[in-house]
Amino acid sequence: MDENTMLKVLDSCYEKVLVGLPTSKSVNAMALEYSEKYSNPRKAAKKMCDAQIAKCGTSGFLSGLGGLITLPVAVPANLASVIYVQLRMIAAVAQIGGFNPSDDEVRTMAYVCLLGNAGTEVIKKVGINIGEKITINAIKKIPGAALRKINQKVAFRLVTKFGEKGAVNFVKLVPIAGGIIGGTIDIAATKTIANVSIKLFIDHTIT
């Protein structure tokens, strides 16, 4: 997998995040569910992330998604499922925080969140001068060309990340009957992603 392929995977998964899959809620439905339960946005986002992380730890969790995520490029179904689940969680945090997941800058920052604590480094390497703290208001001022550069750098880092550690470290594969791949998502990585997304879209800053 190269950078361009990974970017296609990210874009395709994100489009599916916005509308949902037959077996999973759209990002809008999931965000509304928790916003209606909890008036405090941070609490709503935290409860939503905790619930998603708990589901990610269930054996066979990905098997129900793998067969439903069809992408324009050939990638392992488990990898597409992991990216879909994590992007949907991030986008729901963004909506709970009052941002529109369909906006280009929100999509870009959702991709950045996938890198966890290394995300801010990517933004700074693009040469964007937004001060010591990265805020969503500053991100909104970034031109489209710069957003595309950030997307490409995120894709490159993800390819490198998977190449160095191997997909098995991100998805604990569990073969089940019929050759379908099930498994759980790496909980520690998903918790980090959740924390970064809450800092950005709820607290409005990541350092």
Side-chain angles (χ1 to χ4, degrees), residues 10-11 13-21 23-58 61-62 64-65 69 81-123 130-142 147 150-151 154 157-158 170-171 184-207:
L10 291 175
D11 287 341
C13 285
Y14 199 84
E15 290 300 324
K16 289 172 173 56
V17 161
L18 296 177
V19 298
L21 294 173
T23 59
S24 67
K25 297 177 181 177
S26 69
V27 63
N28 179 63
M30 193 162 74
L32 284 176
E33 176 185 346
Y34 285 89
S35 293
E36 290 172 354
K37 282 183 182 178
Y38 307 99
S39 57
N40 182 289
R42 200 177 204 284
K43 185 174 183 179
K46 184 69 167 60
K47 291 287 187 180
M48 183 275 298
C49 287
D50 287 347
Q52 289 302 297
I53 291 167
K55 288 179 181 178
C56 290
T58 305
F61 171 67
L62 297 178
L65 298 175
I69 299 182
S81 298
V82 168
I83 292 173
Y84 170 82
V85 169
Q86 292 178 339
L87 279 178
R88 187 178 65 146
M89 179 182 69
I90 298 166
V93 170
Q95 183 167 323
I96 290 171
F99 302 98
N100 185 350
S102 297
D103 289 347
D104 289 341
E105 65 270 11
V106 175
R107 177 191 291 241
T108 291
M109 292 311 296
Y111 293 175
V112 169
C113 288
L114 287 175
L115 297 179
N117 295 321
T120 53
E121 180 187 339
V122 169
I123 297 174
I130 52 178
E132 294 182 2
K133 290 187 176 181
I134 297 173
T135 65
I136 196 67
N137 288 329
I139 294 300
K140 285 183 177 181
K141 298 176 182 177
I142 299 175
L147 291 176
I150 294 172
N151 292 347
V154 169
R157 288 293 294 270
L158 286 174
F170 288 83
V171 190
T184 62
I185 297 177
D186 188 299
I187 299 300
T190 307
K191 282 182 178 178
T192 299
I193 290 170
N195 290 336
V196 169
S197 64
I198 289 173
K199 286 179 182 178
L200 175 64
F201 293 114
I202 306 297
D203 300 337
H204 296 179
T205 183
I206 49 177
T207 54

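Every value quoted in this text rests on a predicted model; they were computed, and no experiment measured them.
Take Ser35 and apply the side-chain contact (heavy atoms from CB on, under 4.5 Å) test, not counting sequence neighbours, and it matches Ile96. Legend: residues meeting salt bridge (charged side-chain N to carboxylate O under 4.0 Å, His left out) with Lys47, ordered by chain and number and at least two apart, are absent. Applying the salt bridge (charged side-chain N to carboxylate O under 4.0 Å, His left out) criterion to Glu121, with sequence neighbours excluded, gives Lys125, Arg157. In terms of the salt bridge (charged side-chain N to carboxylate O under 4.0 Å, His left out) criterion, residue partners of Lys46 (sequence neighbours excluded) are, by chain and number, Asp50. By the salt bridge (charged side-chain N to carboxylate O under 4.0 Å, His left out) test, Lys191 pairs with no residue at all, sequence neighbours left out.
Smallest separation of non-hydrogen atoms from Ala31 and Ala92: CB-O, 3.8 Å. For the residue pair Ile90 and Ala110, the shortest heavy atom distance occurs at CD1-O, 3.5 Å. Residues Val106 and Ala94 share a closest heavy-atom pair of CG1-CB, 3.8 Å. Closest non-hydrogen pair, Thr120 versus Val112, comes out as N-CG1, 4.5 Å. Heavy-atom minimum distance, Tyr34 versus Ala51: OH-CB, 3.3 Å. Annotation for Pro41 and Ile202: closest pair O-CD1, 4.1 Å, computed over non-hydrogen atoms.
Counting only residues at least two apart or in different chains, ring pair (Phe, Tyr, Trp, His ring centres under 6.0 Å) contacts with residues 97-116 comprise Tyr14-Tyr111, Phe99-Phe201, Phe99-His204.
Formation of a donor-acceptor pair under 3.5 Å by the Asp103 side chain with backbone atoms of Glu105 is not found in this model.
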